[in-house]
Amino acid sequence: QVQLVESGGGLAQPGGSLRLSCVASGFSLDQYVTGWFRRAPGKAREGVACISGVDGQTYEADSVQGRFTIFGDYDKNTVYLQIDNLQPEDTAVYYCTAGSKTAVESMCRWFHGLDYRGKGTLVTVSS
């Protein structure tokens, strides 16, 4: 069964860190582009970071550069999103996607090639 499952969300304080995990089953992420997206209340969907399992290329949105890092552990068929210096505006549902016929910028900026999607994990940043 093809599936993406996210975890690692929760309540965090401003300035804190979280690491989100996206575990795939039924297919191998090292043959796909994996992306992390977020949907905040009242805001449009945003692709925050994407990574190619094929060549390792990454893309991070301007809005999160320097605070968000995407990386993969393909032995575990998992892609992570490290979020540092959390801000209240990072509050959102974060979900991961995977696509085989796309590129990192295409997926993150134009939502191209979203073959699979997880259900998401909620991140709440509040003091």
Side-chain angles (χ1 to χ4, degrees):
Q1 180 182 2
V2 171
Q3 199 172 11
L4 289 171
V5 179
E6 303 92 339
S7 63
L11 176 64
Q13 292 190 339
S17 297
L18 285 174
R19 179 175 291 182
L20 308 184
S21 300
C22 171
V23 181
S25 56
F27 68 104
S28 297
L29 286 177
D30 62 2
Q31 300 301 309
Y32 282 72
V33 173
T34 305
W36 281 98
F37 290 73
R38 67 184 178 185
R39 177 73 71 106
K43 295 185 179 180
R45 174 180 56 169
E46 179 184 17
V48 295
C50 292
I51 184 170
S52 169
V54 176
D55 60 15
Q57 286 192 15
T58 62
Y59 173 90
E60 287 90 21
D62 289 344
S63 60
V64 303
Q65 281 220 6
R67 298 193 300 116
F68 286 30
T69 304
I70 188 170
F71 60 99
D73 182 343
Y74 297 107
D75 289 340
K76 296 181 179 179
N77 213 19
T78 301
V79 167
Y80 301 93
L81 183 68
Q82 177 71 34
I83 307 175
D84 297 317
N85 191 19
L86 280 157
Q87 301 299 312
E89 55 265 34
D90 295 323
T91 295
V93 174
Y94 287 73
Y95 62 93
C96 64
T97 66
S100 62
K101 296 180 176 61
T102 187
V104 292
E105 189 169 1
S106 295
M107 175 179 279
C108 261
R109 294 189 66 185
W110 298 296
F111 314 130
H112 178 256
L114 308 183
D115 297 340
Y116 308 119
R117 171 186 166 167
K119 293 182 178 179
T121 185
L122 175 63
V123 171
T124 303
V125 183
S126 174
S127 56

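Both backbone and side-chain heavy atoms feed into the values below; hydrogens, waters and symmetry mates do not.
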Which value, rounded to the nearest 0.5 Å, describes the distance between [X] atom [atom1] and [Y] atom [atom2]?
X: C22; Y: L29; atom1: SG; atom2: CG; answer: 6.0 Å
X: S25; Y: N77; atom1: OG; atom2: CG; answer: 8.0 Å
X: F68; Y: T58; atom1: CZ; atom2: OG1; answer: 14.5 Å

Next on the checklist: Within the supplied structure, the quantity of interest is the number of heavy atoms (other residues, nucleotides, ligands) at a distance under 6.0 Å from Q65 CD; does it exceed 12?
Outcome noted: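 Enclosed.
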Item to complete: Test L18 against V123 for side chain to side chain contact (heavy atoms under 4.5 Å, CB included), laying out the working first.
Response: CA-CA 9 Å; L18 285 174; V123 171; 3.8 Å; yes
Grab the two heavy atoms, one from [X] and one from [Y], that are nearest each other, plus how far apart they are.
X: P41; Y: T91; value: CD-O, 4.1 Å
X: Y74; Y: G53; value: OH-CA, 3.4 Å
X: G47; Y: A61; value: O-CB, 3.5 Å

Report task. Could you tell me whether the side chains of T78 and D73 share a donor-acceptor contact shorter than 3.5 Å? Result ->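 No, D73 and T78 have no side-chain donor paired with an acceptor closer than 3.5 Å.
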- Query: If you measure only the distance, is there a donor-acceptor pair under 3.5 Å linking the side chains of S100 and Q31?
  - Reply: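 There is no such pair between these side chains.
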Do V93 and L114 share a hydrophobic cluster, counting only Ile, Leu, Val, Met, Phe, Trp and Tyr and linking them when any side-chain heavy atoms are less than 4.5 Å apart?
->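 As far as the 4.5 Å side-chain criterion goes, L114 and V93 are not connected within one cluster.
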Can you confirm whether [X] sits close enough to [Y] that some side-chain heavy atom of one is under 4.5 Å from a side-chain heavy atom of the other?
X: S126; Y: L11; result: yes
X: Q82; Y: R19; result: yes
X: T97; Y: T34; result: no
X: R117; Y: C96; result: no
X: T121; Y: S7; result: no
X: Q87; Y: R67; result: yes

Six-ring centre of Y95, R39 cation under 6.0 angstrom, axis tolerance 45°: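 Relative to the ring axis of Y95, which defines the angle, R39 lies outside at least one limit.
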May I ask you to decide whether R38 forms a salt bridge with D90, counting only side-chain N to carboxylate O separations under 4.0 Å?
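Result for this pair is yes, salt bridge flagged.
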### Task
Go through the steps for V79 and I70 under the test side chain to side chain contact (heavy atoms under 4.5 Å, CB included), then give the verdict.
CA-CA 7 Å; V79 167; I70 188 170; 3.7 Å; yes
I'd like to check the ring-ring contact (aromatic ring centres under 6.0 Å, His included) partners of Y80; sequence neighbours left out, ordered by chain and number.
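Y80 satisfies ring-ring contact (aromatic ring centres under 6.0 Å, His included) with F71 once adjacent residues are dropped.
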- Query: Considering residues at least two apart in sequence or located in another chain, which fulfil the ring-ring contact (aromatic ring centres under 6.0 Å, His included) criterion with F111?
  - Reply: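 F111 satisfies ring-ring contact (aromatic ring centres under 6.0 Å, His included) with F37 once adjacent residues are dropped.
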Any donor-acceptor pair under 3.5 Å linking the side chain of T102 with the backbone of G99?
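Absent.
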